[in-house]
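Structure record follows, encoded as structure tokens.
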Amino acid sequence: MKIDVRILDDRLRDNLPAYATPGSAGLDLRACLDAPLTLQPNAWQLVPTGIAVYLQNPGYAALLLPRSGLGHKHGIVLGNLVGLIDSDYQGQLMVSAWNRSDVAFTIEAMERIAQLVIVPVMQAEFNVVEVFAASERGEGGYGSTGKV
Ligand SMILES: O=c1ccn([C@H]2C[C@H](O)[C@@H](COP(=O)(O)OP(=O)(O)OP(=O)(O)O)O2)c(=O)[nH]1
Ligand SMILES: [Mg+2]
């Protein structure tokens, strides 16, 4: 699948976001910073990625997710937990980098800080009803099926 991309930072021209392995689901995005950025404990900041994508087709969206190494080892996750990129968004992809750990962390310029996953989307129409056709689960949830 091809999507239109604008390169907003020349440093990405020969270094576009890429799948790290043939089976990767995520495209790693880089922190297009002019200088290293130190995030103090519990601080967060919007970090530009230097690219804009235009998915165009409402049957797609993109999810911005943390990289597991940064999140697990250093507590660098996303201030919005998950970023949702609409198919009609044309602006620069921005990453809300949040240091949820209790030690400062420095993001280096052009470091890979998050990943973008393109996913299919269904836009639903509401069919308003008074009662639902019965299902096996009904309104059960929150552990209703037991533990083991
Ligand atoms: O981590 C993110 C999340 C969103 N976006 C961009 C793409 C998305 O399409 C747009 C709007 O995001 P969202 O709908 O989640 O934010 P909102 O607070 O509802 O803003 P809006 O009123 O513009 O929809 O912002 C990013 O660049 N990074
Ligand atoms: Mg919105």
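Remember, it's 1-based here, ligands and their atoms both numbered in the order they're listed.
Closest to atom 12 (O) of ligand 1 among all protein heavy atoms lies Leu84 O, 3.9 Å. Nearest protein heavy-atom contact of atom 10 (C) of ligand 1 is Tyr89 CD1, 3.9 Å. Of all protein heavy atoms, the one lying nearest to atom 27 (O) of ligand 1 is Met94 N, 3.1 Å. The nearest heavy-atom contact from the protein to atom 14 (O) of ligand 1 is Asp86 OD2, 3.7 Å.
Interatomic distance, Tyr60 OH to Ile3 CD1, rounded to the nearest 0.5 Å: 10.0 Å.
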- Full working for side chain to side chain contact (heavy atoms under 4.5 Å, CB included) between Tyr54 and Val5: CA-CA 6 Å; Tyr54 179 31; Val5 56; over 6 Å; no
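Arg112 contributes no side-chain N or O that, together with a main-chain N or O of Pro17, makes up a donor-acceptor pair within less than 3.5 Å. No side-chain donor-acceptor contact under 3.5 Å links Asp9 to the backbone of Cys32. Put simply, the side chain of Asp86 never gets that close to the backbone of Asp88: no donor and acceptor are under 3.5 Å apart. Between the side chain of Gln115 and the backbone N or O of Pro66, at least one donor-acceptor pair lies under 3.5 Å.
Within the listing of ligand 1, atoms 1 (O), 2 (C), 3 (C) sit less than 4.0 angstrom from a heavy atom of Asn80. Within the listing of ligand 1, atoms 1 (O), 2 (C), 28 (N) sit less than 4.0 angstrom from a heavy atom of Leu64. Close contacts between ligand 1 and Gly83 involve ligand atoms 1 (O), 2 (C), 3 (C) [criterion: under 4.0 Å to a heavy atom].
The shortest N/O to N/O separation between Ile85 and ligand 1 does not fall below 3.5 Å.
Not a single protein heavy atom sits closer than 4.0 Å to atom 22 (O) of ligand 1. For atom 17 (P) of ligand 1, no protein heavy-atom neighbour is present inside the 4.0 Å cut-off. For atom 1 (O) of ligand 1, the nearest protein heavy atom lies under 4.0 Å away.
Nearest heavy atoms, Glu111 versus Thr106: OE1-O, 4.0 Å. Summarising the geometry of Ser87 relative to Asn57, their closest heavy-atom pair is CB-O, 3.2 Å, with the distance given to 0.1 Å.
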